[in-house]
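The structure under discussion appears below in the form of structure tokens.
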Amino acid sequence: ADCDRLVATFTLTEEAGALVLSRPFIAGEPLSERLRRGSMPLVEVLTMGIDLLSAVESLHRHDIAHWCIHPGQVILLPSKNAILIGPERGWSQHVDDFGVPTSTTVLAYAAPEQRRLQSNPSMLADLFAVGQILFACLSQNPLDADSARSTPESLRHLGVQVPAPVDECIRRLRELDPSTRYQSAQAALRDLTAAATWYQSPDIGAPVVGTSDSRSTLTTATFVGRAAELLVLREAVKSARSGVNALVLVEGPAGAGKSRLLQEFVRDCEADQAWILHAKADSSKTQGPLTVLSALADAIVARFGIDDQFLPEIPVLRDRLALQAQTIVGALPQLSVLLGARAISPSSIIEPHLVGSAIARLLVSLGSRNRPLVVVIDDGQWADSTTLSVLAAVQRERSRLPASHTVVVVGCRTDRLPIGHPLRRVAPDRRVSLAPMSDSEINDIVESMAGPLPAPTRTHIVRASRGSPFTAIAWLRGLL
């Protein structure tokens with residue numbers, strides 16, 4: 001293959017009438033050795049990823065699958081570039097001639113279709129392996145054989161600070177289902193190169209991942225636009241780090257993309273080491289009066305139970321909530337052990353606003369400067385009265401504490417807020433109103449799912465959507 005980032009495993013030459021089989025010498029360090037020292041800088045990983053995808057693209061262009069890409073096959077050069085050692089047909093100790101792994105060395109990097117002993121897997125298995133390598137280089141934990149079995153996690157979800165386009169590129173490479181993975185090394189290379197260029201020169205505008213990936217099936221849409229809205233949310237978290245809590249209302253009609261915006265915001269907060277409590281209200285009649293708050297309480301208990309760094313904070317928390325603990329536990333009994341309290345009476349006979357005030361004090365007491373608390377409640381228009389009372393109480397608690405490191409973000413549908421709804425009486429510190437998306441943004445969303453589309457199809461979807469990403473995606477699914 002014609003690529004300077006790819007070398008043959010062996011070369012066969014004739015010397016003095018004899019055939020000589022030799023392995024080329026490369027002055028560098030195997031990636032497997034480098035990973036033993038921990039994660040790598042993002043710039044180095046991007047350079048290596050571009051080199052690996054260039055090598056894979058060259059192989060695939062010649063209808064050659066590698067099937068055995070793992071850190072031992074990657075050599076890091078002093079220049080920070082990388083070399084991929086080519087396929088080892090007939091010589092590999094790790095994979096047979098049909099692409100089936102035969103060694104535990106490659107299991108963490110073998111695609112699920114290879115692990116199922118599927119003979120002659122497609123070339124897309126190579127893209128999965130590259131994604132696994134990039135993930136291993138940026139994450140804090142080494143991959144094991146089980147890592148190729150589970151749904152791919154976002155690096156930002158794990159607390160790794162990487163730009164969203166880079167995170168999305170790696171996630172798409174690591175998709176378990178080949179049909180939702182990148183469909184060509186060329187498209188992956190183009191996206192990762194664009195992401196690396198943007199990272200070095202952010203003024204050029206962030207690339208939209210996936211729009212050049214020609215596909216026969218749809219995949220998950222890339223987050224597009226809403227930069228100004230995300231900035232408002234990030235500023236609220238920044239204020240919380242300095243000790244000023246905030247209530248933020250994210251509003252818009254159905255299909256405007258509130259939930260997707262909140263999801264992207266949560267990923268940013270996770271990468272920034274914030275503590276996230278996320279709940280979603282439900283319009284069904286089966287939702288109990290404290291369903292949203294109970295979900296938040298369950299998450300609080302789980303976090304204190306699994307993270308030892310929280311243990312020293314328990315006495316401080318109990319002291320802060322000495323007057324409210326019994327009221328809180330009356331509504332949310334799962335917090336009784338954490339707060340060291342028992343309920344005086346059932347929450348049903350306590351006024352909702354008193355319960356709301358007590359729970360608000362709990363929430364604003366949990367955050368810290370280094371680890372602000374971000375509470376995200378989606379579909380707030382369906383929330384019960386006690387949950388809604390917490391929102392107003394969060395603002396009142398600001399004047400009662402010397403510092404509060406908590407942000408509460410509520411998403412709600414403006415078309416589901418009748419006159420007199422409690423959310424209409426809330427005066428948030430920040431308000432994010434979602435306007436219809438532009439034609440180019442709608443086009444980017446649908447092409448990030450489907451790849452390049454014919455101009456008439458794009459025009460039809462953009463006109464039918466009227467700026468609604470939900471409607472655009474629905475039309476796309478209906479057409480394809």
Side-chain angles (χ1 to χ4, degrees), residues 154 156-157 233 236-237 240 245-252 254 256-270 274-307 310 327-336 338-339 347 352-353 355-367 371-395 397 404-413 416-417 421-423 426 428-430 432:
S154 161
R156 289 178 293 163
H157 174 69
L233 295 170
V237 178
N245 70 19
L247 173 63
V248 185
L249 192 63
V250 178
E251 58 186 9
K258 297 179 298 300
S259 297
R260 186 67 181 89
L261 172 65
L262 293 178
Q263 181 186 40
E264 191 69 13
F265 170 60
V266 165
R267 287 180 177 173
D268 280 355
C269 291
E270 289 170 333
W275 180 10
I276 311 296
L277 297 177
H278 196 179
K280 185 179 180 71
D282 190 348
S283 62
S284 69
K285 296 181 180 179
T286 59
Q287 176 177 263
L290 293 171
T291 299
V292 173
L293 295 176
S294 290
L296 299 179
D298 289 341
I300 292 171
V301 172
R303 187 65 181 268
F304 274 91
I306 64 174
D307 198 332
F310 281 74
T327 301
I328 294 171
V329 173
L332 304 170
Q334 61 266 58
L335 294 173
S336 60
L338 174 62
L339 300 181
S347 61
H353 74 277
V355 176
S357 295
I359 295 175
R361 171 60 70 99
L362 166 67
L363 295 179
V364 299
S365 299
L366 288 174
R371 191 206 61 239
L373 176 67
V374 180
V375 181
V376 177
I377 301 174
D378 199 3
D379 281 335
Q381 71 277 358
W382 307 121
D384 59 272
S385 58
T386 304
T387 300
L388 294 174
S389 70
V390 170
L391 306 182
V394 163
Q395 293 177 301
E397 289 298 322
S404 173
H405 307 280
T406 297
V407 178
V408 178
V409 180
V410 182
C412 68
R413 286 172 52 178
R416 290 290 182 173
L417 286 183
H421 191 282
L423 277 179
V426 171
D429 301 291
R430 291 176 171 83
V432 176

Please give me the minimum heavy-atom distance between K280 and S259, naming the atom from each residue. NZ-OG, 3.8 Å
Please examine the side chains of I300 and L277, heavy atoms only from C-beta on, and report whether any two atoms are closer than 4.5 Å. yes
Minimum heavy-atom separation for A383 and L388, please, with both atom names. O-CD1, 3.7 Å
Is there side-chain contact between F304 and L335, with heavy atoms separated by less than 4.5 Å? no
Locate the shortest heavy-atom distance separating A246 from R430; write the atom from each residue and the value. CB-NH1, 4.0 Å
So do E251 and Q381 actually touch side chain to side chain, heavy atoms under 4.5 Å? no
Test applied, side chain to side chain contact (heavy atoms under 4.5 Å, CB included); reference residue, C269; option that passes from V407, V237, V409, V376: V237
Are the side chains of L233 and D268 in touch, meaning some heavy atoms are under 4.5 Å apart? no
For S404, which of L373, V394, V364, L366 qualifies under side chain to side chain contact (heavy atoms under 4.5 Å, CB included)? V364
SB check R413 D379 (cutoff 4.0 Å): no
Would you say that T387 contacts L296 through its side chain, given a criterion of any heavy-atom pair below 4.5 Å between the two side chains? no
Would you compute the distance between atom CD of E270 and atom NE2 of H278 and round it to the nearest 0.5 angstrom? 10.0 Å
Nearest 0.5 Å, please: how far is CZ in R156 from CD in E264? 4.5 Å
What one should report as the nearest heavy-atom pair of L332 and A297 is CD1-CB, 3.9 Å
Distance in Å, S365 OG paired with H405 NE2, rounded so as to fall on 0.5 Å steps: 10.5 Å
For T386, is there any backbone N or O sitting under 3.5 Å from a side-chain donor or acceptor partner on S389? yes
Using 0.5 Å steps for rounding, measure from the CZ atom of R260 to the CG atom of L262. 10.5 Å
First locate atom CD1 of I328, then atom OG of S336, and finally report the distance between them rounded to the nearest 0.5 Å. 12.0 Å
Looking at every non-hydrogen atom in both residues, tell me the closest pair between A393 and S357 and how far apart they are. CB-CA, 3.8 Å
Could you go through L293 and I359, starting from their C-alpha distance and side-chain angles, then the distance that decides it, and tell me whether this counts as side-chain contact (heavy atoms from CB on, under 4.5 Å)? CA-CA 9 Å; L293 295 176; I359 295 175; 3.6 Å; yes
Using 0.5 Å steps for rounding, measure from the CD1 atom of I276 to the CZ atom of F265. 6.5 Å
Smallest heavy-atom separation, S294 atom then Q334 atom, equals O-NE2, 3.3 Å
Side chain to side chain contact (heavy atoms under 4.5 Å, CB included) with L391: which of L249, V375, L247? L247
